[in-house]
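Notes for the one structure printed next.
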Amino acid sequence: MSSGIRIRVESPPPRRNVVAERVVEVTDQVYIDHGEFMLLDWDGGNGQAEGGLSPFDLADQARSSGAWFLTSGNVAFIVGEYGFHKATVFLERWDGEPPRDEGWAKVVDATMFLSSSVVYVTGSGFPPSGRMLNLQALRQEWNVRASVRPLRNGPTDEYPPDNIEEFRMQFWHA
């Protein structure tokens, strides 16, 4: 004897052309000295994965290889086009791979292990501003897309020169 109850299970429709969305953005300014600055995890070297390069070793590798963006556990080393200046940096967390943006002069994709997943930028010899991006996932490997673009033709009479280039780091789960 049948109870008359029918159960119908439907699958959700397939998602097509889903575009990732930016979840949060932090805008900061960093003093760049000798054309270099770093993106650091709040844990610094304490949470670095085994075999990761120190910030100093990463800087040496960037200088010797000519790379402008290199990562290791908890640190990324970034080289700009100009010596001493102040640059704007956008740190963004996305819910998937962000769309490509053609408005940037150089773009590189990398992966990066972050132990605390709270990141900030700092120039050598200058304290960080205190602005941080919380990626909200401990001990994770992240995809990061780094971009840079010039805003002017070079340094100005301002001291320190300001707004001559800007950087963007976009993070999403690896």
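Heads up: numbering here begins at 1 and tracks the sequence.
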Next on the checklist: Using 0.5 Å steps for rounding, measure from the CZ atom of Arg22 to the CZ atom of Phe171.
Outcome noted: 14.0 Å
Next on the checklist: Looking at every heavy atom in both Arg139 and Phe113, which two are closest together, and how far apart are they?
Outcome noted: C-CE1, 3.7 Å
Item to check | Inter-residue atom distance Met169.CE - Met112.CE, 0.5 Å rounding | outcome: 9.0 Å
Checklist entry - Quick one: do Leu135 and Val144 end up in the same hydrophobic cluster if we chain Ile, Leu, Val, Met, Phe, Trp and Tyr together by side-chain heavy atoms under 4.5 Å apart? => result yes
Checklist entry - What's the shortest heavy-atom distance between Thr71 and Thr111, and which atoms? => result OG1-O, 2.8 Å
Next on the checklist: Could you check whether any side-chain N or O of Thr88 sits under 3.5 Å from a backbone N or O of Glu166, counting only pairs where one atom can act as donor and the other as acceptor?
Outcome noted: no
Checklist entry - Is it true that a side-chain atom of Asp41 and a backbone atom of Ser117 form a donor plus acceptor pair closer than 3.5 Å? => result yes
Next on the checklist: Using salt bridge (charged side-chain N to carboxylate O under 4.0 Å, His left out), reason through Arg145 and Glu97 one step at a time and then give a plain yes or no.
Outcome noted: CA-CA 9 Å; Arg145 177 171 295 144; Glu97 182 176 355; 2.8 Å; yes
Item to check | Heavy atoms of other groups near Tyr31 OH, more than 12 under 6.0 Å | outcome: no
Next on the checklist: Donor-acceptor pair, distance only, cut-off 3.5 Å: does the side chain of Asn143 make one with the backbone of His173?
Outcome noted: yes
Checklist outcome for this item: Closest non-hydrogen atoms of Ala137 and Trp142, given as atom of the first, atom of the second and distance, are CB-CZ2, 3.7 Å
Item to check | Close side-chain approach of Phe37 to Phe167, heavy-atom, < 4.5 Å | outcome: yes
Checklist entry - Trp68 and Val108: side chain to side chain contact (heavy atoms under 4.5 Å, CB included), yes or no, with the steps? => result CA-CA 9 Å; Trp68 75 273; Val108 64; 3.7 Å; yes
Next on the checklist: Gln170 vs Trp172, test: side chain to side chain donor-acceptor pair (under 3.5 Å). Steps then yes/no.
Outcome noted: CA-CA 7 Å; Gln170 299 171 304; Trp172 70 99; over 6 Å; no
Checklist entry - Rounded to the nearest 0.5 Å, what separation is found between the NZ atom of Lys106 and the CZ atom of Arg149? => result 14.5 Å
Checklist entry - Should we count CD of Glu81 as having more than 12 external heavy atoms under 6.0 Å? => result no
Next on the checklist: Distance check, rounded to the nearest 0.5 Å: Ser129 atom OG versus Tyr120 atom OH?
Outcome noted: 10.5 Å
Checklist entry - Rounded to the nearest 0.5 Å, what separation is found between the CH2 atom of Trp104 and the OG atom of Ser147? => result 6.0 Å
Checklist entry - Do Val75 and Leu138 share a hydrophobic cluster, counting only Ile, Leu, Val, Met, Phe, Trp and Tyr and linking them when any side-chain heavy atoms are less than 4.5 Å apart? => result no
Checklist outcome for this item: Rounded to the nearest 0.5 angstrom, the NZ-CD1 distance for Lys86 and Ile164 is 12.0 Å
Next on the checklist: Ignoring hydrogens, what is the shortest heavy-atom contact between Thr27 and Arg131? Give both atom names and the distance.
Outcome noted: O-CD, 3.1 Å
Item to check | Check: Asn74 main-chain N/O paired with Asp43 side-chain donor or acceptor under 3.5 Å | outcome: no
